[in-house]
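Computation of the quantities below employed the complete heavy-atom set of this structure, encompassing side-chain atoms and omitting hydrogens, waters and symmetry-equivalent molecules. If you're wondering where the values come from, they're calculated on a predicted model, not measured in any experiment.
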Amino acid sequence: MNLAWLLSFWILCTSSFSQGALSPGGTVNVGAIFTFSSINGRVAKIAMEAAEDDINSDPSLLGGRKLSINMHDSNFSGFLGIIGALQFLETDTVAVIGPQTAVMAHVLSHLANELQVPFLSFTALDPTLSPLQFPYFIQTAPNDLFQMTAIADIVSYYGWSEVTAVFNDDDQNRNGITVLGDKLAERRCKISYKAALPPEPKATRSDIQDELAKILGMESRVIVLNTFSKTGLLVFDVAKALGMMENGFVWIVTSWLSTVIDSASPLPTTANSIQGVLALRPHTPDSKRKRDFISRWKQLSNGSIGLNPYGLYAYDTVWLLARALKSFFDQGNTISFTNDSRLGGIGGGYLNLGALSIFDGGSQLLKNILQTSMTGLTGPFRFNPDRSILHPSYDIINVLETGYQQVGYWSNYSGLSVVPPETLYGKAANRSSSSQHLQSVVWPGGTTARPRGWVFPNNGKELQIGIPNRVSYRDFVSKVNGTDMVQGYCIDVFLAAIKLLPYAVPHKFIPFGDGHKNPTYYDLVYKITTRVFDAVIGDVAIVTNRTKIVDFTQPYIESGLVVVAPVKKRNSNAWAFLRPFSPLMWAVTAMFFLIVGAVVWILEHRINDEFRGPPRKQLVTILWFSFSTLFFSHRENTVSTLGRLVLIIWLFVVLIINSSYTASLTSILTVQQLSSTIKGIDSLITSNAQIGFQVGSFAENYLNEELSIAKTRLVPLGSPEEYADALKNGTVAAVVDERPYVDLFLSEHCEFSIIGQEFTRSGWGFAFPRDSPLAIDMSTAILQLSENGELQNIHNKWLQRKLCSSQDIGSSADQLQLQSFWGLFLICGIACLLALLIYFCTTFRQFSRHFPEESDSSVQSRSRSKRLQTFLSFADDKVEQWKKSKSKRKREDELSNRSGEGSMSVNRSERIQRDISQERENGDTWLH
């Protein structure tokens, strides 16, 4: 809009004048711009006049000054509203209450910024009127950001995913719907269609009928109406005529409807069509001041109009300004204006811009307004740091035939509740879904059951459901030859699921494919995006590239890619029991049996009678003890600490070897063996072998794109017979396909088997358009089928087959190699060595103390071989025997000492010889 042209219209006959300070006993001028023929305009006028009288009744409030509110009727015209604002700014106006609509607010806020005159509005609640851009425009009621958040919470609470928005196409209503879209998106909902109507009051019955007719043919039945009162009531009148106020529809209306209900008495005739509607109304806490004002209202209005919440906000806005002015004057400020030097040189024609002046105290008055805290008719009133109103909240009312009922509240603090928000402010904020509650609602048509919120588009048109026209694996889905009927596992699951839905689903199955080969499933699913099909039912795997274009239901069967290869049974023979271990493994195991037996014999021989006796007996004992540990049936007790330690470790090793042997032997005797070198997907990737896949399956793209297998290695196969032939004649080394197909294939071909594990995890589901609510309901139905066992019954009917004795080879039954057990053998070997080392060190120390070495070097060199023999004899002796020998020798030494010096000349070598002879005699006695 050309502001210069507007200014010229106003200043055409205006001449320059000077401004000065307002005297202490003067009048404080405040402007007000409203459409006084509208409901909110009429209510606001009465409320502001009442506030003006109440303020002026206390002369001390403004220091002897009078507050004068000058009213200007914009009469639904943005042009007239701007003219009125310019007229106010021509005089000593310190603030303006208004404008009523955001259209004017966006324009007048620029004037407010330049001339520093605060504008306060409780009806121009466009959330895009940013305080950063328009610091002098103040919203004194909750703006539409909070109202749209409340509507989004209601939609989410009832579980609806899509809404249709009907609105006047002006700044306030259009921007409000934009915010609603953002808030719905935060809750994973969306606006499916926006029906824009001409701005108030230009919308005609024909305009509305055209838009509602479009909505009637759409899917969503949740309608949000964000208009002004005249357009809104006309919308309901047309909706009633089109049958859109019946069962299945949901209407959520912004606060304009509550103002009509509260203020218009009786309601307009068109209001008879609003039964079942949910509406919002700004919430104002109950208080004595509020009740007194309501009692006073009939006198103030002469019964011409009822009071609504915006009348309360109008009254509080005047008081807010008065308190800010009181602070302004108490701070020693005066009201004065200064010419804007930038406007002095601008002119031409009849423009006289010098009449516009800057309010010198505007910035201070603005600061006082934002810092004012009071308790008004609307409750505690103050601004948050972001300049929003403290604790914005709404009543949620349900319009009935005989009036309305309140079904709950919404507040920015706690969300939806059935108790007044002010009772929750002292508690911790809780916005969890479990804490959100509303009372029962009577919906359009008189039902109390929650509407589904959507219908099939085009009023009952049959769903066009695409199904794959398969030539193989027809147990899943197929067309009955010569008829239009379809059957199969997938079809039965779908039909069983829709029976559980609380509504009818008219549908028609349409085969996709030429009937000569299986269709490409991505092309089939893509038909949903082009609206050829409304859904796709069949053996459709849920994979990434498909989920990007459609929505799937909950999987109704598990699926994943597996590898199939030829197998053969290994013939059993008399030596099959040797297969579990490799020859080296057998040899090392047998060697350790003997080593452990020998080690335990050495450790126990000197102290344990069960390990003593003739050499033949001792050899038998070693062998028997060693191999009896294989069955944990050894009867010899071990008494030495080292022997017990070695035995415990060895028994643990035997347990592991025994268990592994048993498992491997069982596998060899019962499991089929591979007849190829393919052991699973990893070996298949690294080989250069050809790989078969089913035509139309996603396996081709997965193998090529995800596993980087060249397309030249991929061989398309169309039927189970082609699978079998290709595997038998070696055309392909293996086939990669989805598990449900493979299970059917293997039920008839026992010469093949699954190799390895599934290397993808997915499932089959039904495909629907993005954000389709039917996909959610069908997922719930599939879960119910799974829980009540019906899904398993359908599976048994179509897919249960008698399987071969073994159809799944997790890995080939190879022989167990030494490398699988070398760690155990290493531990056991180290334990044996340490035990022997400790044993020999202890024995040698005992020998050295019993038989000290000769100091004479000549004698020492001659007796080394004899000393070694003595040590071996000592180590072979039982401990009790050498202790007795030691005591006897000690007594002999004492007798020789008493015989005198002569006996000491006995040759030491002879004494050693005598000792050796004695030891030999003892040994001979033990051997015999």
Side-chain angles (χ1 to χ4, degrees), residues 470-478 488-489 518 539 541 557-573 576-577 579-580 663-684 687 689-697 699 703 714-760 764 792 794-815:
R470 296 193 59 88
V471 297
S472 62
Y473 297 114
R474 294 171 61 84
D475 291 324
F476 293 107
V477 57
S478 62
Y489 169 72
N518 294 333
D539 46 336
I557 187 174
E558 292 184 357
S559 177
L561 293 179
V562 293
V563 178
V564 179
V567 295
K568 64 180 179 179
K569 277 198 173 182
R570 180 178 292 174
N571 295 327
S572 183
N573 56 54
F577 69 90
R579 290 179 187 167
S664 181
L665 182 62
T666 302
S667 176
I668 289 173
L669 297 178
T670 59
V671 178
Q672 300 179 96
Q673 303 300 304
L674 295 174
S675 60
S676 71
T677 59
I678 302 302
K679 306 295 179 62
I681 186 61
D682 293 331
S683 60
L684 190 60
S687 71
Q690 299 294 101
I691 305 172
F693 67 91
Q694 183 184 174
V695 173
S697 169
L703 294 172
L714 304 180
V715 179
L717 303 172
S719 66
E721 291 72 22
E722 290 187 32
Y723 280 22
D725 293 342
L727 289 169
K728 288 178 180 178
N729 60 32
T731 304
V732 297
V735 170
V736 174
D737 207 348
E738 296 175 65
R739 184 63 185 256
Y741 302 128
V742 171
D743 287 342
L744 281 183
F745 172 73
L746 296 179
S747 66
E748 300 176 358
H749 298 84
C750 293
E751 66 273 27
F752 307 105
S753 182
I754 297 173
I755 309 304
Q757 304 296 323
E758 292 184 17
F759 55 92
T760 65
W764 291 353
Q792 184 61 43
I794 298 173
H795 182 277
N796 295 341
K797 173 185 174 182
W798 288 99
L799 305 180
Q800 191 174 41
R801 298 288 190 277
K802 183 179 179 181
L803 300 178
C804 300
S805 60
S806 179
Q807 289 286 6
D808 195 342
I809 300 178
S811 61
S812 62
D814 293 331
Q815 290 180 321

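No side-chain heavy atom of Thr731 sits under 4.5 Å from any side-chain heavy atom of Gln690. Residues Phe759 and Val563 are in side-chain contact: their nearest non-hydrogen atoms beyond the backbone lie under 4.5 Å apart.
Listed here is the closest heavy atom pair of Gly680 and Ile755: N-CG2, 3.5 Å. In terms of heavy-atom proximity, Pro716 sits nearest to Val695 at CB-CG2, 3.8 Å. When all heavy atoms of Gly692 and Val732 are compared, the pair lying nearest together is N-CG1, 3.7 Å. Between Gly718 and Asn518, the shortest heavy-atom contact is O-ND2, 3.9 Å.
Here Gln800 contributes atom CD and Asp475 contributes atom CG; the two are 13.0 Å apart, rounded to the nearest 0.5 Å. Atom-to-atom distance recorded for Leu717:CG and Ser697:OG is 11.0 Å, nearest 0.5 angstrom. Here the CG atom belonging to Leu744 is positioned 13.5 Å from the CZ atom belonging to Arg474, to the nearest 0.5 angstrom. Note that CD1 of Ile754 is 5.5 Å distant from CG of Leu746, once rounded to the nearest 0.5 Å. The CG atom of Asp743 sits 11.5 Å away from the CD atom of Glu738 when rounded to the nearest 0.5 Å. Remark: Leu684 CG to Ile691 CD1 distance equals 3.5 Å, nearest 0.5 Å.
Evaluation of the salt bridge (charged side-chain N to carboxylate O under 4.0 Å, His left out) rule for Glu758 yields Arg739, Arg761 as partners, not counting sequence neighbours. Applying the salt bridge (charged side-chain N to carboxylate O under 4.0 Å, His left out) criterion to Asp737, with sequence neighbours excluded, gives no partner residue. In this view, Trp764 and Phe476, Tyr741 satisfy the ring-ring contact (aromatic ring centres under 6.0 Å, His included) rule, not counting sequence neighbours.
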**Request:** Show your reasoning for whether side chain to side chain contact (heavy atoms under 4.5 Å, CB included) applies to Val564 and Tyr723.
**Result:** CA-CA 9 Å; Val564 179; Tyr723 280 22; over 6 Å; no
**Item:** From CA spacing to verdict: side chain to side chain contact (heavy atoms under 4.5 Å, CB included), Ser472, Glu722
**Value:** CA-CA 10 Å; Ser472 62; Glu722 290 187 32; over 6 Å; no
**Request:** Could you please spell out the steps behind the side chain to side chain contact (heavy atoms under 4.5 Å, CB included) verdict for Lys728 and Glu751?
**Result:** CA-CA 9 Å; Lys728 288 178 180 178; Glu751 66 273 27; 3.1 Å; yes
**Request:** Show your reasoning for whether side chain to side chain contact (heavy atoms under 4.5 Å, CB included) applies to Tyr489 and Asp539.
**Result:** CA-CA 9 Å; Tyr489 169 72; Asp539 46 336; over 6 Å; no
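The aromatic rings of His749 and Phe752 sit tilted, their planes meeting at an angle between 30° and 60°.
Annotation: Glu558, atom CD; neighbour count of heavy atoms from other residues, nucleotides and ligands within 6.0 Å does not exceed 12.
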